[in-house]
2 protein chains.
Amino acid sequence: MSSLDSSPRAVNGTVAPAGEIAKQIPPAAVARLTIYLRALNTLLADGVERVSSESLAEASGVSSSTLRKDLSYVGSYGTRGVGYEVQYLSRHISAALGLTHDWKVAIVGAGNLGKALARYDGFESRGFDVVAIFDADQLVVGNEVGWLRVSDVADLETVLRRTGTNMVVLALPAAVAQAVCDRVVAAGVHSILSFAPVMLQVPDGVNLRKVDMATELQILAYHAQRAQTPDQTA
Amino acid sequence: MSSLDSSPRAVNGTVAPAGEIAKQIPPAAVARLTIYLRALNTLLADGVERVSSESLAEASGVSSSTLRKDLSYVGSYGTRGVGYEVQYLSRHISAALGLTHDWKVAIVGAGNLGKALARYDGFESRGFDVVAIFDADQLVVGNEVGWLRVSDVADLETVLRRTGTNMVVLALPAAVAQAVCDRVVAAGVHSILSFAPVMLQVPDGVNLRKVDMATELQILAYHAQRAQTPDQTA
DNA sequence: TAGATTGTTAATCGATTAACAATC
DNA sequence: TAGATTGTTAATCGATTAACAATC
């Protein structure tokens, strides 16, 4: 009843016919689909089999309108008057996001952050395999981090190839980030998540995302300051 | 020439008159202003005194149109035909973002991530003082992390008050995040940055931001998968 | 004055929301 | 059939971009 291809619903659903170009999902919707997926997997773990757009939306912190619109980019996997089957929907979102692929992640930088990321449960549990961690410091190379040993960043290209890495996380100082990033790209890895607090330049066709923790605090600061300075139309 | 209030430009500029309500800056612009600020501070460190919207935009990875529009929300601090004074603009953006306040940050969770955050240079260097770190594990309480000793999360309220904390970073498991978040809010801290992979519910007036590292990888996966499946209009 | 570059306007584009017809 | 809830449409809202008048 819920195998991805053999489900009866797949016959009715507005799935893109084989061979057709899957339509582009708007960026804002992609980001939220990952949230729905997490909520669905929580429901699944709790043994919940069916959910309405209303309650899934509430669990995800969005309006039911936004949720249904977002799901409509993926396909039409609900039943009017009834709701969505949790497992069935979860599988289809996963497929649409490309999470059925085999993602192998290497972390460059074995400082505090790099080590924390290497040991972060959330990666493995969501299907991302951490296969290597690198550092430039010879005192750190060879150390154990979780299941891994720290590789020398000098061997970056070799190790990336050997491990079949297709995603890289940069957890290194701003000063060296661009140089390492260039090597990663040259080595053929086109998906990069950077924690380095610099604007990295990458060629077209490379997907670069950035997480900047200080930026997040600065955005909080802006809102906090506004809240503290109340409407003083003196 | 560049003190925030005594500059001659402050006379001409479209600064909001004292006592008037500062206009709300759109969220997308706030996020980018933090990027401009970082670029400006890099220029400042390099001894650059003046910059055009064109080159600051390039360094920040946005169009000059977007940059000038964003700056216009802060005020009018450039000189036509000339450009912007780096230090002068940097100060005004800082002021607009509320970064001249005294921000005291506590981290809840002294696991790998919490420890990495406590030692992260980027916080201190951008004016955020990490004043406390908490954990529930008695084996961890009392340990040294950077300059700090780990406090017992049982003493959360007391320590937050004593240290004058006004921002909290949650670096703890999904299962306990909501309960701790509730206590933080009850203790009067209204700015929270969460790394826990759950949707937290907070009352109105509380600013909550989320960083989810696995979500970032999932978004990369979506784009990578699309790139790999090329235009097969077979 | 001539050249350069800002600050702002108006047009375009994308995201969100409300409402409801379709349909289980 | 009556009740419920999806999937989609159309309206609204916000963000981005291009162009240029203002002005140093």
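Protein chains get the first letters and strands the later ones, always in sequence-line order, with residue 1 at the start of each.
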Can you check the [X] [atom1] to [N] [atom2] distance for me, whole Å?
X	N	atom1	atom2	result
Leu56(A)	dG7(D)	CG	C1'	15 Å
Glu85(A)	dC24(C)	CD	P	15 Å
His92(B)	dG7(C)	NE2	C1'	16 Å
Arg50(B)	dT6(C)	CZ	C1'	14 Å
Leu33(B)	dA15(D)	CG	P	13 Å
Leu89(B)	dG7(C)	CG	C1'	13 Å
Leu71(A)	dT5(D)	CG	C1'	13 Å
Leu67(A)	dG7(D)	CG	P	10 Å

Phosphate contact ([N] OP1 or OP2) by [X] side-chain N/O below 4.0 Å:
X	N	result
Tyr84(B)	dG7(C)	yes
Ser53(B)	dT6(C)	yes
Arg32(B)	dT16(D)	yes
Thr79(B)	dC24(D)	no

Lys69(A) has its side chain closest, among dT16(D), dT9(D), dG7(C), to dT9(D)

Of all the nucleotides listed (dT16(D), dA15(C), dT8(C)), which has the minimum atom distance to the side chain of Ser72(B)?
dT8(C)

Heavy-atom nearest pair, Ala116(A) first then Ala116(B), reads CB-CB, 4.1 Å

Of all the heavy-atom pairs spanning Pro197(B) and Arg126(A), show the shortest one and how long it is.
CB-NH2, 3.5 Å

Is there a donor-acceptor contact under 3.5 Å from the side chain of Ser194(B) to the main chain of Ala196(B)?
yes

Just name whichever nucleotide pairs with dT9(C), Watson-Crick or G-U, keeping both distances under 3.5 Å, else none.
dA18(D)

Answer for the Watson-Crick or wobble partner of dT23(D), both distances under 3.5 Å, is dA4(C)

Pairs under 3.5 Å (N/O, protein and nucleotides 19-23 of chain D):
unit_1: dA19(D); atom_1: N6; unit_2: Arg68(B); atom_2: NH2; d: 3.4
unit_1: dA22(D); atom_1: N3; unit_2: Arg80(B); atom_2: NH1; d: 2.7

Upstream residue (5' side of DNA chain C) when Val82(A) and Pro26(A) are each assigned their closest nucleotide:
Pro26(A)

Are there more than 12 heavy atoms of other residues, nucleotides or ligands under 6.0 Å from atom CZ of Arg50(A)?
no

Leu56(B) and side chain to side chain contact (heavy atoms under 4.5 Å, CB included): which partner among Leu40(B), Ile35(B), Val86(B)?
Leu40(B)

Set of side chain to side chain contact (heavy atoms under 4.5 Å, CB included) partners for Pro26(A), sequence neighbours left out:
Ala29(A), Tyr73(A)

Between the side chains of Ser90(A) and Asn41(A), is a donor N or O closer than 3.5 angstrom to an acceptor N or O?
yes

